[in-house]
Amino acid sequence: MKNVNLSLIALAVMGLTACVDDGDDGTNGSNGTSSLIVQTALATGDVNCPNSGVQIESGIDADASGTLESTEINATEYVCTPGVTSVSSSALLSNVNNDWFIDGQQEVSAARQTWLDATNTTAAKSTADTTPQVAAKSISSLRGSAKNIILFVGDGMGISTVTASRILEGQRKGNLGEENQLSFDKLAFSGLAKTYNVDAQTPDSAGTMTAMMSGVKTDVGVIGVNENIERGDCSTVAGNELITALELAEIAGKSTGIISTARITHATPAATYAKSADRNWEDISDMPQAAITVGCEDIAQQLVNFEANLEARISGIDVDGIEVAFGGGRRHFLPKDPAFNSTDAVSEIEGDRTDGRDLTAEWQEKYTNGVFIMDETGFNGINTETTERVFGLFNESHMQYEADRKNDVAGEPSVSQMTKKAIQILDNNDDGYFLMVESGRIDHGHHAGSAYNALTDTIEFANAVQSAIDNTDPSETLILVTADHGHVFTIAGYPKRGNPILGKVVNVGEEMPALAADDMPYTTLGYTNGLGFRNLGSETDADEAYNLEIAAGRRDLADIDTTTTGYHQEALVPFSSETHSGEDVGVYASGPAALLVNGTNEQSMLYHIMDFAADLTNKANAAQSPE
């Protein structure tokens, strides 16, 4: 079967015709039988000739009926009309030949094929069975197809943050910016997650991360427990604990890891391993005496005791504990005693613990096969092929903003470096792994009113996602990228294409900044509430904003460079710290069962997708011995 372009062959007959060749020399059939050719006009959209054309069938009229029967056809050709090169005035030639239009067609085609491949629909078509039952069976067959799961959480990375970061990254590359794609923009599947907590319209990280890790929405400020508890009341925790995807992975025999650029005891990472009536109980000094008296553990202690706690809570299991933990928050593991200060301590007394315990030493005693590190030198020295377990605490509090990382006393790895190193350690387990990676300082940049720090941390977060893509097999690793919540961060005005995203609004066709009704220029990016205007020049630590008085409201920006690293955007409503928002957040996915990420879902749905993809519950149950 051949397809021939009409521009190469001129046909005299375009309708439905039958042409008879008399076969005068007998070479087209025996005993003078005739060769027949039948031409059939094809409509636009035909599978063989999308732009229309002619189907040409030929064969020998064996029964001399004058009609070419289907059994007599021995050749079929297609003469196809070429693509559109001219159209009537009512048609839009500029559409069909436009690069955006062509790119869209290609994306739709690629997306369709991805769905067909993911659901095995192509195979179903080959057997002529495309019923809904077959599609459902195909999707069901994806259960347990993910050997590994990596959950990326950009803390505070709302939709506007993703958009602005995408543009900034593109402009840093020397392009206009809007056309750019962050690494996770390119993942095959995406959807939205609703972020509200059980008791709050606008959420916090404790409740949202608990939902993602356990499949159960809960209240603001509580970790790893359902909404039946009372925040701050330790006695209400027992019986209301939730099991997390990381814990199921541990029970199922997978390696596990947690990474955060915030304190490792902060709400988001803590929700993977801890059960707490209050997110603020990061060490014993943060807890009320009543909670200590009844035996509740602080979050740092729960991390070190994770293995024993899990085995005590669920009978018949044998786990080996978290293999990789990278983050900040060293102060919550050290005694409040200058004798225990680390070499890069910033505070006069680094540790916060009032019980005299050095949990870093306890961890090393518990895991003699593990390596404890606290600086870039230690991180770089890890042999990923021989290291079985590593605990890295790179700062006494949160790790540095990406833009400020070069100023760290002892040096810190980036979130992309930590991600790559963790994967290289965890993938030594033939049964696979579960890894959670949080970029916690996106959130902190926004709270301080610094779009620059929030966006540059988002760009580095996207680098971490790319590192995971580059270092995993897409056929066996489910990658999910999302946020716990958004911020009251806006992209406003009518700036022209390519206008510096951190700059002042310059309207389309103009060269000078646009003026608001108060005759002052304004920036594209801004906050509904917060600390307000700061002009800190080359400062790269957004938290310096807290050292100044609140300055909400308008300022004359005419002579101010708003693109500098130390500029903090204006805010309307005065707050001591900018707040979260209640908007939906994006979810981006690739790998086995990624097609389940679509539409708008409860945030707790992410747990169920991970559980389905790796069949965590069934594998954990299978690993549990009878009592």
Side-chain angles (χ1 to χ4, degrees), residues 1-136 138 188 595 598:
M1 182 176 69
K2 295 190 292 185
N3 287 53
V4 185
N5 198 300
L6 268 177
S7 62
L8 303 179
I9 298 177
L11 295 179
V13 182
M14 293 296 293
L16 178 61
T17 62
C19 304
V20 179
D21 181 346
D22 290 334
D24 54 348
D25 61 2
T27 58
N28 290 324
S30 59
N31 301 321
T33 54
S34 300
S35 295
L36 296 182
I37 298 175
V38 176
Q39 301 182 46
T40 306
L42 301 175
T44 300
D46 182 85
V47 67
N48 296 294
C49 291
N51 296 306
S52 77
V54 176
Q55 174 179 300
I56 304 172
E57 298 171 321
S58 59
I60 305 300
D61 185 15
D63 59 2
S65 65
T67 302
L68 189 62
E69 309 292 343
S70 60
T71 55
E72 298 172 334
I73 297 172
N74 56 32
T76 302
E77 293 183 338
Y78 296 92
V79 181
C80 299
T81 304
V84 178
T85 57
S86 63
V87 293
S88 67
S89 58
S90 62
L92 295 176
L93 183 62
S94 60
N95 273 37
V96 296
N97 290 330
N98 184 276
D99 287 342
W100 297 102
F101 188 91
I102 294 169
D103 287 346
Q105 287 183 315
Q106 292 173 344
E107 286 188 26
V108 168
S109 178
R112 178 179 180 276
Q113 190 58 49
T114 300
W115 272 93
L116 293 175
D117 293 344
T119 60
N120 294 322
T121 309
T122 304
K125 281 187 174 182
S126 67
T127 60
D129 191 348
T130 57
T131 63
Q133 290 84 355
V134 170
S138 298
L595 82 165
N598 61 79

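When reading the values below, keep in mind they use all heavy atoms of this one structure, side chains included, and skip hydrogens, waters and symmetry mates.
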Interatomic distance, E57 atom CD to E77 atom CD [nearest 0.5 angstrom]: 11.0 Å
For the student: nearest non-hydrogen atoms of I56 and I37, plus distance: CG2-CG2, 3.7 Å
Counterpart residues, side-chain contact (heavy atoms from CB on, under 4.5 Å), relative to D63 (two or more places apart): D61, S65, E69, E72
